[in-house]
Asker: 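Have a look at this one before I ask anything.
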Amino acid sequence: MRSILLLLFVLFSAGVHAQMDLKKAADSASYAIGVKIANAYVKQGMKSINGLIVSRAIDDVLIHTKSKFTEEQADLAIVKITNPQIAKTIQAGRKFLADNKLKPGVQTTTSGLQYKVVTKGGGIKPTLTDTVTAHYTGRLTDGTEFDSSYKRDEPITFDLLKVIRGWTEGLQLMTEGSKYKFYVPYTLAYGIMDRPRIPAGSVLIFDVELIKVVKKLN
């Protein structure tokens, strides 16, 4: 992704188009990548992209290592044009999390993950490279249930590095035998892509029970 952003910065820089002859295979491939990226956004309805502003944003991130937008603000700016419904979902989620963080017992991490301790267990905590077994129920903010291992009567076992970021972070806060409630921003879940029964940009609520931690052998 960094190389693609750098390519876009080069393509949008002043004077580049006049100097391109595309005789080298690498130059032709670079230009082709730019065409595909631009076409992807055109297909989403973004035909009025300002190349100079794109160039400035890339410069801010790559050269100055800062941006005027957070990841969420950038997503929101794009979907307001390409998919207003996703924009509404993101805005509703932001309001939900802002209200929810003020409720008793709800804690917020620096990433934006919110959690509440329901039951504190006495076992060990998992680390990033561990495997865990857990039960869970997942819901949308309106209470719609989209998945439940409890209903299948079968807990799941997984590596912490192979689940959504909200779970990877949240489960490391828990000890065996604990039950937590996670409120996961879309940026720590499935982003702005639709999933089965989960609209793009959704905040997800999980009731999670950590049953077992299997430590990675050195």
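Residue indices begin at 1 and follow the sequence shown.
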Asker: How close do His135 and Ser149 get, counting heavy atoms only, and between which atoms?
Answerer: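 Scanning both residues completely, I find the closest heavy atoms to be ND1-OG, 2.7 Å.
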Asker: For Thr127, is there any backbone N or O sitting under 3.5 Å from a side-chain donor or acceptor partner on Asp130?
Answerer: yes
Asker: Under 4.0 Å between a side-chain nitrogen and a carboxylate oxygen: does that hold for Asp60 and Lys66?
Answerer: no
Asker: Quick one: closest heavy-atom pair of Thr141 and Ile205, and the distance?
Answerer: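 Smallest heavy-atom distance, with atoms named: CA-CD1, 4.0 Å.
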Asker: Looking only at heavy atoms, what is the nearest atom pair of Pro155 and Ile211, with distance?
Answerer: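 So the minimum-distance heavy-atom pair works out to CB-CD1, 3.7 Å.
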Asker: Within the 4.5 Å heavy-atom criterion, are Glu209 and Tyr150 side-chain neighbours or not?
Answerer: yes
Asker: Can you pull out every salt bridge (charged side-chain N to carboxylate O under 4.0 Å, His left out) where at least one residue sits in residues 177-195? Sequence neighbours excluded, please.
Answerer: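 The answer is Lys181-Asp207.
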Asker: Quick one: closest heavy-atom pair of Val132 and Leu171, and the distance?
Answerer: CG2-CD1, 4.4 Å
Asker: Under 30°, 30 to 60°, or over 60°: which ring-plane class applies to Trp167 and Tyr136, parallel, tilted or perpendicular?
Answerer: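 The rings of Trp167 and Tyr136 stand perpendicular, inter-plane angle above 60°.
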Asker: Between Asp159 (side chain) and Leu161 (backbone), is there a donor-acceptor pair under 3.5 Å?
Answerer: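 Pair absent, no side-chain N/O of Asp159 close to backbone of Leu161.
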Asker: Any side-chain heavy atom of Tyr186 sitting closer than 4.5 Å to one from Thr89?
Answerer: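 SC-SC contact between Tyr186 and Thr89 ruled out.
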Asker: Mind checking salt bridge (charged side-chain N to carboxylate O under 4.0 Å, His left out) for Asp153 and listing every partner two or more places apart, or none if nothing turns up?
Answerer: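 With neighbours one apart ignored, the set is empty.
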Asker: Do other residues, nucleotides or ligands put more than 12 heavy atoms under 6.0 Å from Lys88 NZ?
Answerer: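 No - once you tally the heavy atoms of other residues, nucleotides and ligands closer than 6.0 Å, there are 12 at most.
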Asker: Write down the atom of Leu173, the atom of Lys120, and the distance for their closest heavy-atom approach.
Answerer: O-NZ, 4.0 Å
Asker: Are Leu76 and Gln91 close enough that some pair of their side-chain heavy atoms sits under 4.5 Å apart?
Answerer: yes
Asker: Search all heavy atoms of Gly123 against all heavy atoms of Thr175 and return the closest pair with its distance.
Answerer: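 Shortest heavy-atom separation between Gly123 and Thr175 comes out as O-CB, 3.2 Å.
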Asker: Report the residues that fulfil salt bridge (charged side-chain N to carboxylate O under 4.0 Å, His left out) with Lys68, sequence neighbours left out, ordered by chain and then residue number.
Answerer: none
Asker: Taking the side chain as everything from C-beta on, heavy atoms only, tell me whether Lys103 gets closer than 4.5 Å to Lys116.
Answerer: no
Asker: When you measure from the side chain of Ser67 to the backbone N and O of Phe69, does any donor-acceptor pair fall under 3.5 Å?
Answerer: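 Indeed, once roles are kept as given, a pair shorter than 3.5 Å links the two residues.
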Asker: Would you say Gln114's side chain and Leu97's backbone share a donor-acceptor pair under 3.5 angstrom?
Answerer: yes
Asker: Go through the structure and list residues passing salt bridge (charged side-chain N to carboxylate O under 4.0 Å, His left out) with Lys151, not counting sequence neighbours.
Answerer: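 Checked Lys151 against salt bridge (charged side-chain N to carboxylate O under 4.0 Å, His left out); matches are Glu145.
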Asker: Centre-to-centre under 6.0 Å for Phe146 and Phe206, is that the case here?
Answerer: yes
Asker: Who are the salt bridge (charged side-chain N to carboxylate O under 4.0 Å, His left out) partners of Lys212, not counting sequence neighbours?
Answerer: none
Asker: Who pairs with Ser111 by side-chain hydrogen bond (donor to acceptor under 3.5 Å, both in side chains), at least two apart in sequence or on another chain?
Answerer: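 Result, side-chain hydrogen bond (donor to acceptor under 3.5 Å, both in side chains) vs Ser111: Thr109, Glu169.
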Asker: Looking only at atom types and distance, does a side-chain atom of Glu176 sit under 3.5 Å from a main-chain N or O of Val213, one as donor and one as acceptor?
Answerer: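 Present.
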